[in-house]
Amino acid sequence: MIDPKAFRENPDRFRQGAAEKGAAIDFDRLLELDERRRSILTEMEAKRAEQNRLSKEVGPKMGQIKGKLKTAQGAEKAALEAELAELERKPHALKAHVATMEQELATVEPAWRDLLMTVPQPPAGDVPKGRGAEDNKELRRWSPSGFDPAKTFESQRGFKPKTHLELVRDLKLADFERGVKMAGTRHYVLTGMGMRLHQAVIRYALDFMADKRGFTPMSVPVIVREECMLGTGFFPFGREQAYHIEESKRGSGHDLYLTGTGEVGLMGLHADEILSEGDLPRKYCTASTCFRREAGASGKDTAGLYRIHQFDKVEQVVVCKADDAESRGWHKHMMESVEMILQSLGLPYRLLQCCTGDLGMKNEDMIDIECWMPGRGENGADGRPLGEWGETHSASRLNDYQCRRLNLRYRDADGKIHFAWALNNTVIASPRVLIPLLEMHQQQDGSVAIPEPLRVHCGGATHVR
RNA sequence: GGACAGGUGGCCGAGUGGCCGAAGGCGCUGGUUUGCUAAACCGGUAUACGGGUAAAAACCCGUAUCGCGGGUUCGAAUCCCGCCCUGUCCGCCA
């Protein structure tokens, strides 16, 4: 959520931000609702004040009269009743007036809030302008020595690479047929070494963050209330992406939602809290199962382990002070962790600065990390894929957008309260990362070499055969 | 799932219709006293929104908030209704 005061003072900043993100928001209506809401509030509060004052002034007297009325008779009773009616006249009128204002507010306030919730976080000033993914800018790339994605796999390794689909089939790492039998399209079963590799990358990444990067590992709920989804900014726009558990239809409890990322649980931790500045930054990581309906993606990446409904991910978040330089510093730090992990796994990758049109609602800055996947992309003359970059990570800076929605604040050294700033970044997502892992490390004999850091989690095996 | 008991500030806890944004205590914090520390004493100590108000700070005024929502009332932490949540015991259970 954006700051309503900042919006009031400088609506153009948000108009421009929304335009750059390609979001159509009715800002005129928002301004109008804001104005209307404030005038109702002002008037209503004035009436309430008078009501409170009157109540204090004449209230006790009315109480007395009512007491006397119980025993009064005849003329005395009539006089008391008249006096009471006179005393009640003003409060009654006020009450009716306040009730009217309350009714008006009850229609204006939710409309105002709903619309406000849809205004996107404006992109940071240095984010390149663009319409969509095609306008993202490559920042840099890395490859292990002896491999260059610009050249063919075959020219460097001496054989044509299999796709991950072929590798998991030949090495019996996944069983798509049975996954689909049990749960439908985009479901899978990891089998044998497939499961071990999957667990290995997750465990390696979580340990790395905890041991080498000072992030506190957490286990957080993946089944959460709607407030968590709204607070983290995945709702209202992402409703169709989340699995919905309609507990309310069973007569009790709230509805619940399956989270699409551990970010929801990690950021929800401190919702509605006021941390002290000394508690910041909070650096958390989690390994969690992620659930995505992938609505609107039908026909895209239908085969294999790329786009699936359920996967596991190690996610990192930082909650820090409201400071641009600090936010940028953590952004770099988090991406550095990812680069260290990818390099240790020998996976070529590149960093893409996302343009304004590709940022999404809640980010002011986002960098995607893509790994080279030799089995993806267009087919060459031999009918085999030429290889392609595939997104495996994404690193976002959210300014105060998320913490404002979550009501996550901190008290600074002067006792002033601020909304904290948040960042999040994939550490590793599997099985998607197994695609580059298997495809890059495949050997001519059909086996796959296991990168050294994963071997300890694979029973010491050096190869998948 | 069944039966009870509860939900009040950072924490504990009092409060059965107006004097209650809320006693008392703890914690935190400023000060006084004091070789140092401890103790004692005095003071301060919620948040949001709106307004004064103009760029900000400070301050002032108002309103709201005692789990959430609604109701009764001139007036609700307090009475009524619905919901949510927590605890305990029983049942079930990885």
Side-chain angles (χ1 to χ4, degrees), chain A residues 1-10 13 31 33-70 80-110 112-113 116 219 221-228 230-231 245-257 268 270-279 289 322 400 403-420:
Chain A
M1 187 170 64
I2 59 159
D3 181 356
K5 276 188 213 153
F7 171 67
R8 204 174 294 146
E9 278 158 20
N10 188 6
R13 184 177 151 233
L31 281 168
L33 284 169
D34 183 61
E35 187 56 44
R36 185 88 196 97
R37 173 178 164 272
R38 279 195 300 156
S39 80
I40 294 171
L41 270 179
T42 306
E43 188 178 345
M44 190 174 77
E45 285 177 1
K47 296 293 174 197
R48 279 240 177 91
E50 202 181 337
Q51 209 176 22
N52 287 343
R53 191 178 52 75
L54 264 178
S55 185
K56 266 187 189 142
E57 272 174 24
V58 304
K61 205 179 201 173
M62 292 166 65
Q64 281 175 9
I65 294 173
K66 279 183 180 167
K68 282 185 194 164
L69 262 176
K70 280 181 190 157
L80 285 170
E81 274 170 351
E83 197 182 342
L84 186 62
E86 176 58 24
L87 284 176
E88 279 179 346
R89 208 164 45 83
K90 253 182 124 173
H92 273 305
L94 272 175
K95 197 182 180 182
H97 197 139
V98 169
T100 314
M101 313 264 32
E102 273 174 349
Q103 266 179 18
E104 269 192 75
L105 193 64
T107 62
V108 171
E109 173 101 37
W112 171 77
R113 180 156 295 275
L116 190 69
S219 166
V222 296
I223 309 171
V224 301
R225 292 166 172 258
E226 186 176 28
E227 295 90 279
C228 287
L230 283 164
I245 303 171
E246 294 185 294
E247 279 296 292
S248 64
K249 287 207 169 154
R250 309 171 79 179
S252 73
H254 277 114
D255 279 8
L256 294 162
Y257 297 86
H270 296 296
D272 292 316
E273 291 184 22
I274 301 177
L275 303 171
S276 64
E277 188 173 324
D279 291 333
T289 304
D400 69 357
C403 292
R404 187 181 291 277
R405 293 171 80 114
L406 286 164
N407 197 27
L408 196 175
R409 296 168 293 171
Y410 71 96
R411 201 184 303 273
D412 70 17
D414 298 326
K416 283 211 62 177
I417 288 170
H418 311 269
F419 287 106

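Residue numbers begin at 1 in each chain, while the letters A, B, ... track the order of the sequences. Predicted model only: the values in this text are computed from it and were never measured.
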Ignoring backbone atoms, establish whether Lys95(A) has a side-chain N or O less than 4.0 Å from OP1 or OP2 of G75(B). yes

For G27(B), which nucleotide is its Watson-Crick or G-U wobble mate, given both distances must be under 3.5 Å? U45(B)

Would you measure the distance from the P atom in G51(B) across to the matching atom in G6(B) and give it in whole Å? 44 Å

Using the C1' atoms only, state how far C26(B) lies from U65(B), rounded to an integer number of Å. 24 Å

Determine the contact category for Lys416(A): base if any of its heavy atoms lies under 4.0 Å from a base atom, sugar-phosphate if only primed atoms, P, OP1 or OP2 are that close, otherwise nothing. sugar-phosphate

Protein-nucleotide distance (Glu109(A), atom CD; G69(B), atom P), rounded to Å: 12 Å

Using the C1' atom as the point on both nucleotides, what is the distance between G9(B) and U72(B), in whole Å? 28 Å

Using atom CD of Glu50(A) as one end and atom P of C74(B) as the other, report the distance to the nearest whole Å. 17 Å

When every non-hydrogen atom of Lys47(A) is compared with those of Val98(A), the smallest separation belongs to CB-CG2, 3.6 Å

Around Gln103(A), counting heavy atoms of other residues, nucleotides and ligands shown, do more than 12 lie under 6.0 Å from its CD? no

Should Asn52(A) be listed as having a side-chain N or O under 4.0 Å from OP1 or OP2 of G62(B)? no

Return the value, rounded to whole Å, for the distance between atom CD of Glu227(A) and atom P of G67(B). 18 Å

Re G50(B): Watson-Crick or G-U wobble partner, both distances kept under 3.5 Å, found to be C61(B)

When both hydrogen-bonding distances must be under 3.5 Å and the geometry is Watson-Crick or G-U wobble, what is C93(B) paired with, if anything? none

Could you state the CD-P distance from Glu102(A) to U63(B), rounded to the nearest angstrom? 14 Å

Quantified in whole Å, what is the C1' atom distance between nucleotide G10(B) and nucleotide C4(B)? 31 Å

Side chains of Glu43(A) and His97(A): donor-acceptor distance under 3.5 Å anywhere? yes

One character per nucleotide, please: for nucleotides 43-51 of chain B, 5' to 3', B when the base has a protein heavy atom closer than 4.0 Å, S when only the sugar-phosphate does, - otherwise. ----SSBSS

5'-most contact on RNA chain B: Arg53(A) or Glu9(A), nearest heavy atom basis? Glu9(A)

CZ (Arg8(A)) with more than 12 external heavy atoms under 6.0 Å: yes

Got a sec: does the CG of Leu31(A) have more than 12 other heavy atoms crowding it under 6.0 Å? yes

Interatomic distance, Asp272(A) CG vs U65(B) P [rounded to whole Å]: 18 Å

With both distances under 3.5 angstrom, what nucleotide forms a Watson-Crick or G-U wobble pair with A38(B)? none

Across all strands shown, which nucleotide pairs with U33(B) by Watson-Crick or G-U wobble geometry, both distances under 3.5 Å? none

C85(B), OP1 or OP2 - any side-chain N/O from Arg225(A) closer than 4.0 Å? yes

In whole Å, measure the gap between the C1' atoms of U8(B) and U86(B) for me. 15 Å

Between CD of Gln51(A) and P of U63(B) the distance, given in whole Å, is 10 Å

Steps toward side-chain contact (heavy atoms from CB on, under 4.5 Å) verdict (Leu105(A), Glu102(A)): CA-CA 5 Å; Leu105(A) 193 64; Glu102(A) 273 174 349; 5.6 Å; no

For atom P, what is the distance between G31(B) and G87(B), given to the nearest Å? 43 Å

In whole Å, what separates the P atom of G62(B) from that of G21(B)? 12 Å

Side chains of Ser55(A) and Asn52(A): donor-acceptor distance under 3.5 Å anywhere? no

Work out how far the C1' atom of C59(B) is from that of A54(B), and round it to whole angstrom. 16 Å

Hey, what do you get for CZ (Arg38(A)) to CH2 (Trp112(A)), rounding to the nearest 0.5 Å? 10.0 Å

Paired nucleotide for A56(B) [Watson-Crick or G-U wobble; both distances under 3.5 Å]: none

Scanning all shown strands, the Watson-Crick or wobble mate of G69(B) with both distances under 3.5 Å is C81(B)

State, without any angle test, whether Asn407(A) and Arg409(A) hold a side-chain donor-acceptor pair at a distance under 3.5 Å. yes

C74(B) pairs with which nucleotide, Watson-Crick or G-U wobble, both distances below 3.5 Å? G18(B)

